Number of protein chains: 2
Amino acid sequence: MTTLLKQNIASHISLSDTEMEGFCNLFQHKTIQKKSFLLREGEVCKFEGFVTKGLFRVYHIDKNGLEQILYFAIENWWITDIDSFTNESPSQLFIEAIEDSEVLVISKKDKEFAYSNLPKIEKLFRVMTQKTHVALQRRMIDNLSKTAESRYIEFLEKYPKLVQRLSNIQIAAYLGITNVFLSNIRKKIAVRK
Amino acid sequence: MTTLLKQNIASHISLSDTEMEGFCNLFQHKTIQKKSFLLREGEVCKFEGFVTKGLFRVYHIDKNGLEQILYFAIENWWITDIDSFTNESPSQLFIEAIEDSEVLVISKKDKEFAYSNLPKIEKLFRVMTQKTHVALQRRMIDNLSKTAESRYIEFLEKYPKLVQRLSNIQIAAYLGITNVFLSNIRKKIAVRK
DNA sequence: TTTATTTATTAAACTAGTTTAATGTTTTGA
DNA sequence: TCAAAACATTAAACTAGTTTAATAAATAAA
């Protein structure tokens with residue numbers, strides 16, 4: 001049940017078997033059907049989750065009803081709204097299953113218990129947050145400096161497996177463009193080949 | 001010398017006097033002249049810094065020579081390229097003083113020393129990285145969902161003091177638009193009032 | 001199996017933001 | 001204190017990306 005989670009943790013820090021067990025036992029297993037939500041806008045995010053099966057999208061809907069996808073999460077990825085979770089504030093985000101999915105979730109209370117009783121967990125989340133932040137910083141630079149076309153091409157190269165599981169509507173919402181414009185880009189690329 | 005730093009740390013976590021002294025002693029004081037660089041593209045970022053005086057901009061120059069400002073840092077803010085610093089990879093960023101400035105810097109080695117000898121420091125940077133990440137995530141959503149005009153207005157409201165110390169060129173580079181377009185926005189707003 | 005819904009594509013008109021260039025103003029530094 | 005450099009504004013032509021709408025194809029649901 002928690003094999004994938006243990007592997008994931010071990011890739012960030014090293015824990016003794018007892019520590020690992022102790023921490024992983026704090027997680028609960030959840031099954032989420034396609035098109036249902038782990039979190040909706042306005043709710044306070046009370047969990048941090050680790051995806052063991054399936055695929056999620058984490059997105060925002062702006063006042064014009066347009067959807068911006070912050071990130072996707074497949075097997076071996078973590079999901080939460082860190083803003084809402086840490087500040088206990090209403091979330092601006094939706095977290096929705098794109099496929100039938102399974103997640104291991106830890107509550108805020110149990111996470112705080114881990115912070116105080118297993119000092120290395122502090123390091124785990126320090127390291128993970130750093131990596132997430134680096135990824136977002138790179139994406140920010142890309143969004144500011146690159147055209148939609150090269151962002152699309154790089155997305156295809158970086159996540160070839162993921163792409164196959166997504167619609168073009170979802171890819172466009174991640175790239176920050178309309179699906180109509182993505183269609184134009186795709187045509188342009190196809191003609192070139 | 002380190003009063004501001006101590007206050008800043010105390011706003012995130014609580015440390016005993018000895019811990020606080022021990023940690024702050026790892027920092028070195030640096031004076032940086034206006035228009036000179038704490039970090040240039042291609043260099044590995046070997047420090048994490050805390051600004052005690054002045055103003056910096058952290059930016060990227062894309063292949064067309066256009067500048068994108070990731071963030072500004074004034075007194076009481078931290079600066080580093082967390083990507084280059086943690087991965088010891090060549091930086092994509094420039095960190096440049098906009099005014100004559102002063103910084104307290106800690107080296108990677110000393111920071112790691114602190115992580116292993118002062119467990120609460122792990123928490124300090126976990127908490128700080130989380131906050132930075134939340135801020136960047138909010139900005140990402142704004143950049144994807146709002147017009148340049150409303151991003152400009154919100155920037156003015158959020159950082160009124162900072163604005164007075166920046167040129168419009170710099171503000172435009174932060175907002176992700178040209179200074180020409182920012183001028184148009186400013187005119188439009190002025191007419192409305 | 002049939003119908004309804006979602007998805008992808010195309011076209012055409014449109015708009016937010018860019019580019020280039022010129023002009024005046026302010027700041028800087030020697 | 002004077003010349004050079006950096007800055008802000010304006011105009012006009014341009015382009016990357018949007019909007020709306022229509023059509024065909026694929027998927028899901030009944």
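Proteins come first, then strands; the chains are lettered A, B, ... in the order of their sequence lines, and each starts at number 1. Nothing here was measured: the structure is a model prediction, and the numbers come from that model. All values below come from the heavy atoms of this structure, side chains included, with hydrogens, waters and symmetry mates left out.
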Quick check on Trp77(B): does its CH2 atom have over 12 non-hydrogen neighbours (other residues, nucleotides or ligands) under 6.0 Å away? no

Here the distance between atom C1' of dA16(C) and atom CG of Leu182(B), to the nearest Å, is 14 Å

Side chain of Ser183(B), heavy atoms from C-beta onward: which of dT10(C), dT7(C), dT10(D) has the nearest atom to it? dT10(D)

Just wondering, are more than 12 heavy atoms of other shown residues or ligands nearer than 6.0 Å to OH in Tyr71(B)? yes

Nearest whole angstrom, please: distance from the P of dT15(D) to the CD of Glu149(A). 16 Å

Report the distance from atom CD1 of Ile177(A) to atom C1' of dT9(C), rounded to the nearest whole Å. 14 Å

Just how far, in rounded Å, is P of dA16(C) from CG of Asn64(A)? 12 Å

If each of Gly176(A) and Asn179(B) is mapped to the nucleotide of DNA chain D with the nearest heavy atom, which maps nearer the 5' terminus, i.e. the 5' end? Asn179(B)

For Phe181(A) and Lys35(A), take the nucleotide of DNA chain D holding the closest heavy atom to each; which residue's nucleotide lies nearer the 5' end? Phe181(A)

Considering only heavy side-chain atoms of Arg186(B), the closest of dA8(D), dG17(D), dT9(C) is dA8(D)

Any base atoms under 4.0 Å from Ser167(A), or only sugar-phosphate, or nothing? Heavy atoms, all strands. sugar-phosphate

Rounded to whole angstroms, how far apart are CD1 on Ile98(B) and P on dC7(D)? 10 Å

Whole-Å distance, Lys188(B) NZ to dT9(D) P, equals 16 Å

How many whole angstroms separate atom CD of Glu99(B) from atom P of dT28(C)? 11 Å

Above 12 or not: heavy atoms from other molecules or residues under 6.0 Å from CD of Glu154(A)? yes

At under 4.0 Å, does any side-chain N or O of Asn168(B) touch on OP1 or OP2 of dA6(D)? no

Nearest-angstrom distance from the residue atom CZ of Arg151(B) to P of dA16(C): 13 Å

DNA chain C nearest-nucleotide lookup for Val180(B) and Asn184(A): closer to the 5′ end is Asn184(A)

Are Leu118(B) and Tyr115(B) co-members of a hydrophobic cluster defined by side-chain heavy atoms under 4.5 Å apart? yes

Please list, chain by chain and in numerical order, all residues satisfying ring pair (Phe, Tyr, Trp, His ring centres under 6.0 Å) with Phe72(B), sequence neighbours excluded. Tyr174(B)

Of the candidate nucleotides dA8(D), dT7(C), dT19(D), which contains the atom at the shortest distance from the side chain of Ile169(B)? dA8(D)

Please tell me if Lys34(B) has a side-chain N or O lying less than 4.0 Å from either OP1 or OP2 of dT28(C). yes

